[in-house]
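Let me begin by presenting the structure, written as structure tokens, before commenting on it.
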Amino acid sequence: MATGHPNLHSFPNSDELATQLRSYVLRCQNSAFSRHGTFRLAVSGGSLPTVLAKALLATSNGSPEDTPQFSKWHIFFADERAVPLNHEDSNYRLLNDELVSKIPTELGTPIIHAIDEKHIGDDDPQELADLYQEDLMREFAAKDSVKLPAFDLILLGCGPDGHTCSLFPGHALLREKDAWVAAETNSPKPPPKRITLTLPVVTHAISIAFVATGGGKKEILKQIFDLEEGSSLPSALVNQGAGDKVSWFTDHPAVDGVSFPRRGSL
Ligand SMILES: O=C(O)[C@H](O)[C@@H](O)[C@H](O)[C@H](O)COP(=O)(O)O
């Protein structure tokens with residue numbers, strides 16, 4: 001059972017948010033290195049890769065602690081669309097365009113865990129999900145030897161309907177207890193076919209961060225943080241399942257009208 005409450009941070013602008021997100025991600029990196037020598041993280045699509053790139057491509061102070069050591073990073077996708085990797089809807093392509101292709105050589109190259117292109121054209125994305133789950137098993141141990149994979153960090157967005165990953169409000173997928181990766185065939189946000197980490201995998205991560213900015217998010221964040229009616233929304237379920245392992249990086253317009261207390265420091 002989760003302990004504590006999520007940490008809600010709000011920053012005046014995107015520069016400040018990126019600076020704080022950088023400290024947070026690098027702190028997660030450094031503690032992952034001390035546990036097992038690599039940093040295993042999952043990232044979402046949407047606006048997240050752009051903010052993440054701003055955070056991670058900023059100039060380092062030169063210390064190893066303030067340097068992303070990308071050659072020891074394994075980057076997975078918290079969710080991915082069932083489209084070719086060079087398609088404009090691909091989260092792989094988005095992450096590559098925004099971040100990976102811009103990493104200076106001296107910082108090394110991360111290992112990116114993409115979906116298997118051979119199954120992208122399948123009618124049902126289930127095989128794509130199963131193969132991605134096998135990829136996780138190669139990195140985190142077989143599913144019959146560990147109940148759930150423990151990502152060092154999962155970076156999420158929150159949609160205006162409260163979805164996160166490709167876990168949408170009211171969908172049966174929210175009740176998935178067994179699979180690590182599941183197929184979604186009817187996403188209300190296009191494109192309809194996707195794969196996604198399941199809720200138990202998300203809440204089992206060592207750290208989880210949401211990035212949500214702009215006034216367009218204030219109504220849903222009010223529901224998620226302040227109102228009973230928002231308690232079954234996917235993003236609220238992450239808060240409930242993971243408690244103080246969750247940190248929200250927002251800007252002031254996104255939490256305008258939200259009463260839930262902000263935390264001053266990371
Ligand atoms: O691939 C996806 O569709 C995303 O992973 C999705 O879950 C996204 O994170 C949210 O829709 C928030 O998107 P914004 O940050 O763009 O609002």
Item to check | Phe11 vs Thr19, side chain to side chain contact (heavy atoms under 4.5 Å, CB included): CA-CA, chis, key distance, verdict | outcome: CA-CA 10 Å; Phe11 303 103; Thr19 303; over 6 Å; no

Do any N or O atoms from the side chain of [X] and from the backbone of [Y] form a donor-acceptor pair under 3.5 angstrom?
X: Arg262; Y: Phe260; answer: yes
X: Thr198; Y: Ala179; answer: yes
X: Ser60; Y: Asp66; answer: yes
X: Glu117; Y: Leu85; answer: yes
X: Tyr132; Y: Trp180; answer: no
X: Asp79; Y: Leu197; answer: no
X: Ser235; Y: Gly162; answer: yes
X: Arg194; Y: Ser166; answer: no

Side chains of [X] and [Y]: does their closest heavy-atom pair fall under 4.5 Å?
X: Thr3; Y: Asp244; answer: yes
X: Leu57; Y: Ile103; answer: yes
X: Glu139; Y: Phe76; answer: yes
X: Gln69; Y: Phe39; answer: no
X: Ser14; Y: Val51; answer: no
X: Leu26; Y: Pro68; answer: yes
X: Leu41; Y: Cys28; answer: no
X: Asn91; Y: Arg81; answer: yes

Checklist entry - Stepwise, does the ring pair (Phe, Tyr, Trp, His ring centres under 6.0 Å) test hold for Tyr24 with Phe249? => result CA-CA 10 Å; Tyr24 173 88; Phe249 291 79; 5.1 Å; yes

Hey, could you give me the [atom1]/[atom2] distance between [X] and [Y], rounded to the nearest 0.5 Å?
X: Ser90; Y: Ile115; atom1: OG; atom2: CD1; result: 6.5 Å
X: Gln29; Y: Phe70; atom1: CD; atom2: CZ; result: 8.0 Å
X: Glu127; Y: Ile195; atom1: CD; atom2: CD1; result: 11.5 Å
X: Ile224; Y: Gln240; atom1: CD1; atom2: CD; result: 10.5 Å
X: Gln223; Y: Asp161; atom1: CD; atom2: CG; result: 10.0 Å
X: Tyr92; Y: Ile75; atom1: OH; atom2: CD1; result: 10.5 Å

Item to check | salt bridge (Lys or Arg N to Asp or Glu O under 4.0 Å) partners for Asp226, two or more places apart | outcome: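 Applying salt bridge (Lys or Arg N to Asp or Glu O under 4.0 Å) to Asp226 gives Lys222.
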
Item to check | Partners meeting salt bridge (Lys or Arg N to Asp or Glu O under 4.0 Å) with Lys72 (sequence neighbours left out) | outcome: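 Residues passing salt bridge (Lys or Arg N to Asp or Glu O under 4.0 Å) with Lys72: none at all.
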
Next on the checklist: Under a 3.5 Å cutoff, is there a donor and acceptor pairing between the side chains of Thr250 and Lys217?
Outcome noted: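 The answer is no; no qualifying pair exists.
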
Checklist entry - Is it true that the side chains of Glu184 and His171 contain a donor and an acceptor less than 3.5 Å apart? => result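 The answer is yes; a qualifying pair exists.
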
Is it the case that one hydrophobic cluster holds both [X] and [Y], taking links as side-chain heavy atoms less than 4.5 Å apart, direct or via other members?
X: Ile206; Y: Leu199; value: no
X: Leu131; Y: Ile112; value: no
X: Ile111; Y: Val181; value: no

Checklist entry - Going through the checks in order, is the side chain to side chain contact (heavy atoms under 4.5 Å, CB included) test met by Asp178 and Glu176? => result CA-CA 6 Å; Asp178 187 42; Glu176 177 62 54; 3.6 Å; yes

Item to check | Residue pair Leu155, Leu52: steps toward the side chain to side chain contact (heavy atoms under 4.5 Å, CB included) verdict | outcome: CA-CA 9 Å; Leu155 288 162; Leu52 190 61; 3.7 Å; yes

Checklist entry - Run the ring pair (Phe, Tyr, Trp, His ring centres under 6.0 Å) check on Trp248 and Phe225 step by step: do they pass? => result CA-CA 11 Å; Trp248 284 77; Phe225 280 98; 5.1 Å; yes

Next on the checklist: For Glu88 and Arg93: C-alpha separation, side-chain torsions, deciding distance, then whether side chain to side chain contact (heavy atoms under 4.5 Å, CB included) applies.
Outcome noted: CA-CA 7 Å; Glu88 60 177 17; Arg93 175 175 161 178; 4.1 Å; yes

